[in-house]
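Encoded as structure tokens, the structure appears first; notes follow it.
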Amino acid sequence: MKQKNLINKINQLKKKHNAIILVHNYQLPEVQDIADFRGDSLELSRIAANTKAKVIVFCGVYFMAETASILCPDKKVIIPDKDSSCPLANMLTVKQLRALKEKYPKATVVGYVNTSAQVKAELDVCCTSTNAVKVINALKDKKQILFVPDKHLADYVSKVTGRRLITWDGFCPTHLCIRVSDIIREKKFHPKAKVIVHPECRKEVIALADEVLSTSGMAKFVKENRAREFIVGTEVGIIYRLKKDNPHKEFYAASEAAVCPNMKRITQEKVLWSLQTLKDEVCVSEEIRCRAKKAIERMLQIA
Ligand code: 13P
């Protein structure tokens with residue numbers, strides 16, 4: 001099918017089903033181009049919670065669509081490829097978290113949004129890369145904090161807040177592709193460029209950054225900053241958005257190896273298929289949903 005026809009069909013079906021397409025900043029350019037909203041984890045969950053649409057087509061990894069479903073039980077949340085999973089989220093199971101909680105029974109449990117619904121149901125409060133520091137700062141009266149599953153985000157938050165955190169050994173394989181030598185090389189090629197990195201990067205990389213930001217934090221920063229060149233330390237998919245929004249600025253991937261294969265599974269054809277079939281629906285049991293929602297709502301109240 002010609003691309004124009006494909007997009008027309010997607011638009012017709014969106015109207016028919018009263019659907020919106022939410023797209024994470026790492027998605028393929030062709031998917032970003034058909035988005036009603038592009039954003040980071042926090043923005044997309046906020047939009048999902050407030051939309052009047054009946055169907056949400058979520059183009060991101062599974063935990064993101066699940067978060068939308070937790071927040072909007074009255075809406076149908078569909079994901080165009082149900083195998084788009086997040087390796088970091090898969091690194092912590094409910095069983096492992098329960099064992100950790102048993103070891104530290106008095107600890108407050110803070111979990112990154114990159115977790116399954118079942119794990120979220122075990123948390124006291126959720127956080128995203130945008131608000132992790134704020135969430136930890138809001139827990140000043142808590143003596144002990146467990147921070148799961150990303151140990152690099154935990155390291156960063158611990159450094160900024162000065163709080164000692166009990167961590168888990170999870171990591172994002174894509175962000176770990178970015179190495180100190182990559183930043184040094186790109187800085188040599190582009191000495192005037194500002195270095196912006198995601199807090200899932202290793203601490204040696206973060207130490208070389210001018211700014212540590214979530215993906216939409218990066219989008220906002222580059223728009224408002226006077227610099228014309230940026231070295232971008234996160235999944236390379238965001239560069240399409242940055243360039244599209246700021247055509248007169250230059251963006252250099254810190255590492256071309258930082259590609260998340262799961263984020264690239266969704267295509268325009270799969271979006272069309274999901275609107276034709278209203279599949280695959282993301283379902284969370286009511287019991288898990290209600291418990292997980294409390295942790296997300298607590299985050300939204302704090303941040
Ligand atoms: P953001 O919330 O910053 O978009 O990050 C999402 C993510 O999964 C990073 O790996």
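Numbering starts at 1 and runs along the sequence shown. Counting starts at 1 for both ligands and their atoms, in listed order.
Heavy atoms of Leu42 found under 4.0 angstrom from ligand 1: none, in either backbone or side chain. The proximity of Glu235 to ligand 1, defined as any non-hydrogen pair under 4.0 Å, does not occur for either the backbone or the side chain.
Salt-bridge check for Arg179 with Glu204: failed, with every basic side-chain N at 4.0 Å or more from each acidic carboxylate O. Remark: Lys187 does not engage Asp182 in a salt bridge, criterion side-chain N to carboxylate O under 4.0 Å. Salt-bridge check for Asp33 with Lys244: passed, with a basic side-chain N closer than 4.0 Å to an acidic carboxylate O. With salt bridges taken as basic N to acidic carboxylate O contacts below 4.0 Å, one links Arg289 and Glu286. Looking at Lys249 and Glu229, no side-chain N of the basic residue comes within less than 4.0 Å of a carboxylate O on the acidic one, giving no salt bridge.
At a cut-off of 3.5 Å, with distance as the only test, no side-chain donor of Ser129 or Asp40 sits close to an acceptor on the other residue. No side-chain donor-acceptor contact under 3.5 Å links Tyr156 and Glu200. Side-chain N/O atoms of Thr234 and His175 include a donor and acceptor closer than 3.5 Å.
Backbone and side-chain nitrogen or oxygen atoms of Thr128 are examined, and none is located within less than 3.5 angstrom of a nitrogen or oxygen of ligand 1. Some N or O of Ser41 is nearer than 3.5 Å to an N or O of ligand 1, by distance alone. Considering backbone and side-chain N/O of Asn25, none are found under 3.5 Å from N/O of ligand 1.
Glu200 OE2, 3.7 Å is the protein heavy atom nearest to atom 7 (C) of ligand 1. Taking atom 8 (O) of ligand 1 as the reference point, the nearest protein heavy-atom neighbour is Asn114 ND2, 3.0 Å. When only non-hydrogen protein atoms are considered, atom 5 (O) of ligand 1 lies nearest to His198 NE2, 3.3 Å.
Within ligand 1, the atoms closer than 4.0 Å to a non-hydrogen atom of His24 are 1 (P), 4 (O), 6 (C), numbered from 1 in the order shown. Atoms of ligand 1 found under 4.0 Å from any heavy atom of Ser214, numbered from 1 in the order shown, are 3 (O). Proximity to Ser129 (heavy-atom distance under 4.0 Å) selects the following atoms of ligand 1: 1 (P), 2 (O), 3 (O).
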